[in-house]
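Here is the structure we will look at.
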Amino acid sequence: MPPDEGDARLRERLVAGDGDALAEVYDRWSGLIHTLALRITDDAAAAEDITQDVFVRLWQRPEAYDPERGALRTWLCMLARSRALDWTRRREARARYHAVAGASAAAAIVSADIDESVIWHTETKVVREAVQALPDLQRQAVQLAYYRGTPTGRSRWSSTSRRVRPSHGCGSRSPTSPTASPPRASSSAEIGGVGGHGRVASPRVSIVEELRAAGCVFAEDEARLLTAGADGPADLAALVGRRVAGEPLEYVLGWAEFCGLRIAVDPGVFVPRQRTALLVHEAVTLLAGRPSPPTVVDLCCGSGAVAAAVAAAVGPVTLHAADVDPAAVRCARRNLAPAGGHAYQGDLDAPLPTALRGRVDVLVANVPYVPTAELAHMPPEARDHEPRVALDGGGDGLDVLRRVAAAAPGWLAPGGHLLIETSDRQATAAMAAFAAAGLTPRLVTDDDLGATAVVGTRIH
Ligand SMILES: C[S@@+](CC[C@H](N)C(=O)[O-])C[C@H]1O[C@@H](n2cnc3c(N)ncnc32)[C@H](O)[C@@H]1O
């Protein structure tokens with residue numbers, strides 16, 4: 001999706017090695033980053049280090065920032081947050097270690113000589129049982145180190161409940177970038193909570209390091225998700241390998257978080273973007289005034305994320321979706337099945353049942369809208385992995401939008417609405433296209449999401 005022009009331009013300049021661009025970004029955001037890091041760590045020196053680290057990271061790998069997925073300010077904040085949380089975890093781990101060592105239990109862990117595979121299996125019932133069978137002192141030590149002493153025994157590795165999808169993945173890497181697992185640093189062992197005497201490093205930590213070395217900004221979050229999604233150590237290694245090779249995290253996991261839902265996403269299908277939640281919010285608001293169950297159509301549906309999210313929020317709904325890409329339609333069918341939705345394959349509205357003509361309450365379409373000339377400048381994760389048909393909007397990026405706008409009035413019920421995502425700079429032309437099609441256009445934006453959309457209403 002077309003990014004904020006200012007941020008996209010800054011990225012280009014950073015990629016070109018323009019030091020003034022770095023100075024600009026630093027002047028603008030270093031105060032915010034420092035405040036954020038300080039708030040999380042409550043440690044002035046750490047906050048300074050983290051601030052420094054964030055801007056060094058931006059300078060060294062500016063291509064890892066994907067303007068399409070959000071503002072630079074947000075990305076820097078997420079980076080700082082991730083670093084600050086790492087720092088606090090290390091501090092906690094150090095404290096835990098000293099507490100354990102003070103009780104002479106660290107030696108028990110050390111002597112247990114737990115290898116990576118065994119650590120992996122602490123996630124499993126088998127090892128949980130094995131841990132229960134350990135002598136008291138050893139069991140307490142292991143639990144202290146790996147379970148944070150929680151009564152439920154929920155491992156620190158197993159958090160899948162967080163609904164945060166790391167919105168960035170590995171950035172592009174130069175061919176010479178390290179992709180192999182780096183040697184474990186002493187800090188890695190500390191994060192694992194049993195460090196200091198040269199024995200066990202948590203595998204999650206080694207994965208975090210590996211992902212980080214490959215340019216993954218949210219390495220901690222990604223490691224947790226990959227670990228939770230893997231079917232054993234060999235599978236985990238394969239997933240991490242795919243991620244390190246630059247595949248989008250969502251393809252590796254097989255799902256993306258969108259509007260609080262877990263949306264199945266197969267490789268080659270457009271990964272739903274957080275900003276598209278604006279279309280969902282608007283659709284849900286507009287449907288509140290329509291008779292129930294309303295009829296919703298999602299054109300250019302991709303995985304069907306938008307339709308699925310609308311259905312989840314609205315309740316009973318008659319749902320139809322279509323996409324030209326068979327892989328997308330397969331995905332959409334899976335995602336829309338719980339809501340009883342239908343997904344068709346074909347060009348725009350061509351495959352829709354004609355019985356829907358004049359009866360659609362909301363027609364939503366996140367069409368491709370990247371101008372063709374800008375495709376080459378897209379981040380590699382999108383450019384190399386998502387299909388061109390999902391991105392390319394033609395010369396000015398509005399080819400598909402114009403076609404959908406022209407077709408929409410024939411499908412909309414009187415008072416029905418067409419909703420299409422666009423970008424700030426395309427908004428005026430997009431609104432003109434809606435008006436030319438006989439719809440009454442309205443612009444909606446959400447600064448937090450960095451999202452812009454045009455809503456067109458069929459008045460008569
Ligand atoms: C930007 S993606 C959006 C996917 C999904 N709506 C979402 O937000 O995650 C655009 C989608 O439009 C589909 N598409 C492009 N041209 C199309 C056409 N002429 N007819 C139907 N679908 C098309 C692509 O296959 C792709 O899935």
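Remember, it's 1-based here, ligands and their atoms both numbered in the order they're listed. Index from 1, following the sequence.
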Hey, does D323 come in under 3.5 Å of ligand 1, counting only N/O atoms on both sides?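 So ligand 1 has an N or O lying under 3.5 Å from an N or O of D323.
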Considering both backbone and side-chain atoms of V367, is one of its nitrogen or oxygen atoms within less than 3.5 Å of a nitrogen or oxygen in ligand 1?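 So ligand 1 has no N or O lying under 3.5 Å from an N or O of V367.
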Quick one: salt bridge (Lys or Arg N to Asp or Glu O under 4.0 Å) pairs with a partner in residues 315-344, sequence neighbours left out?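 Sorted result for residues 315-344: D266-R334.
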Can you name the atoms of ligand 1, numbered from 1 with element, that are less than 4.0 Å from a heavy atom of [X]?
X    : answer
P368 : 10 (C), 12 (O), 15 (C)
D325 : 25 (O)
C301 : 4 (C), 5 (C), 6 (N)
G346 : 20 (N), 21 (C)

Test of understanding: given a 4.0 Å heavy-atom threshold, classify the contact between A322 and ligand 1 as side chain, backbone, both, or neither.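 Under 4.0 Å from ligand 1, A322 contributes no heavy atoms.
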NZ/NE/NH1/NH2 to OD/OE distance under 4.0 Å, [X] and [Y]:
X    : Y    : answer
D349 : R403 : no
E24  : R28  : yes
E386 : R273 : yes
R402 : D396 : yes

If you measure from [atom] to every heavy atom of [options], which option wins on shortest distance?
atom                    : options                : result
atom 6 (N) of ligand 1  : A350, C300, G302       : C300
atom 2 (S) of ligand 1  : F270, Y369, Y344, F258 : F270
atom 10 (C) of ligand 1 : D347, L279, N366, V370 : N366
atom 23 (C) of ligand 1 : V271, V324, L391, V364 : V324

For E421 and Y369, does a side-chain donor sit closer than 3.5 Å to a side-chain acceptor?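 Yes, a side-chain donor-acceptor pair sits under 3.5 Å.
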Without hydrogens or angle criteria, can the side chains of T457 and H417 be said to hold a donor-acceptor pair below 3.5 Å?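 Distance-only check passes for T457 and H417.
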List for me each residue that meets side chain to side chain donor-acceptor pair (under 3.5 Å) alongside D361, sequence neighbours excluded, and say none if there are none.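 Per chain and number, D361 pairs via side chain to side chain donor-acceptor pair (under 3.5 Å) with R290.
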Heavy-atom contact check, 4.0 Å cutoff: does V400 meet ligand 1?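 No heavy atom of V400 comes that close to ligand 1.
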